[in-house]
Peer 1: 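Have a look at this one.
We count residues from 1, following the sequence as given.
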Amino acid sequence: MSQGRHQVTYDEGDQYDGEWNTDGQRHGWGSLAFADGTKYVGKFDVGLFAGGVLSFSDGSRYEGEFVAGKYHGHGIYTRADGMKYEGQFSEGKVSGFGLMTFADGTNGRPRNEGQFQGSSVVNRCPAKDSVRRAQQAAHLLRTQISAQSQ
């Protein structure tokens, strides 16, 4: 594949529409629609997700930063039932400071805010900075994606 913007349909039915580097890797802005209905729109770095929106076929969604194709940095993960986590991720998992909000808009009692390891709060404390950074990262990526699609 030559450098530039191309559309490709893979044998298993996945479709990519976006930029490629000179090594034939997805690189830059693009969208990858998987045959199962999952879709990623955002930045690619040497073939891997690098920051964007990953929407799953069940209605769940992650908006935020990626490193080496995994959730990493700040982002927002919203489950199909409306429960959401805003905060830090590491190596594809909830890890760091954040806030869990249930589908009814509450945060639980005691409040599910602080330092998380997986789905557990290991240290309850304010996490406003991490939540703000997650919201900013998601907003920035949505704005960039919107600008790229015009």
Peer 1: Using modelled atom types and a 3.5 Å cut-off, is there a donor and acceptor pairing between side-chain atoms of Asn21 and backbone atoms of Gln25?
Peer 2: yes
Peer 1: Would you indicate whether the side-chain heavy atoms of Leu99 and Asn112 approach each other to under 4.5 Å?
Peer 2: no
Peer 1: Do Asp58 side-chain atoms and Ala80 backbone N/O form a donor-acceptor pair below 3.5 Å?
Peer 2: no
Peer 1: When you measure from the side chain of Ser60 to the backbone of Phe56, do you find a donor-acceptor pair of N or O atoms at a distance under 3.5 Å?
Peer 2: no
Peer 1: For Phe89 together with Tyr62, are the ring centres under 6.0 Å from each other?
Peer 2: yes
Peer 1: Looking at Glu113 and Arg124, is any side-chain nitrogen of the basic one under 4.0 Å from a carboxylate oxygen of the acidic one?
Peer 2: no
Peer 1: Once rounded to the nearest 0.5 Å, what's the spacing between atom CZ of Arg132 and atom NE2 of His139?
Peer 2: 13.5 Å
Peer 1: How about Phe34 and Tyr16: are their ring centres within less than 6.0 Å of each other?
Peer 2: no
Peer 1: Before giving the answer on side-chain hydrogen bond (donor to acceptor under 3.5 Å, both in side chains), spell out for Gln7 and Gln15 the whole-Å C-alpha distance, their side-chain angles and the decisive distance to 0.1 Å.
Peer 2: CA-CA 7 Å; Gln7 294 179 341; Gln15 297 179 329; over 6 Å; no
Peer 1: Using the rule given for side-chain hydrogen bond (donor to acceptor under 3.5 Å, both in side chains), can you reason through Ser31 versus Asp17, listing the C-alpha separation, both sets of side-chain angles and the distance that settles it, and then say yes or no?
Peer 2: CA-CA 5 Å; Ser31 65; Asp17 180 6; 5.0 Å; no
Peer 1: Between Asp45 and His27, is any pair of side-chain heavy atoms under 4.5 Å apart?
Peer 2: yes
Peer 1: Kindly indicate whether the side chain of Glu63, heavy atoms from C-beta on, has any atom under 4.5 Å from the side chain of Leu141.
Peer 2: no
Peer 1: So do the side chains of Phe49 and Val67 get within less than 4.5 Å of each other, counting heavy atoms only?
Peer 2: no
Peer 1: Could you check Thr101 against Tyr85 for side chain to side chain contact (heavy atoms under 4.5 Å, CB included), going step by step and ending with a plain yes or no?
Peer 2: CA-CA 6 Å; Thr101 303; Tyr85 171 81; over 6 Å; no
Peer 1: Distance-only, no hydrogens or angles: does the His72 side chain make a donor-acceptor pair with backbone N or O of Glu91 under 3.5 Å?
Peer 2: yes
Peer 1: Does the gap between the ring centers of Tyr71 and Phe66 come in under 6.0 Å?
Peer 2: yes
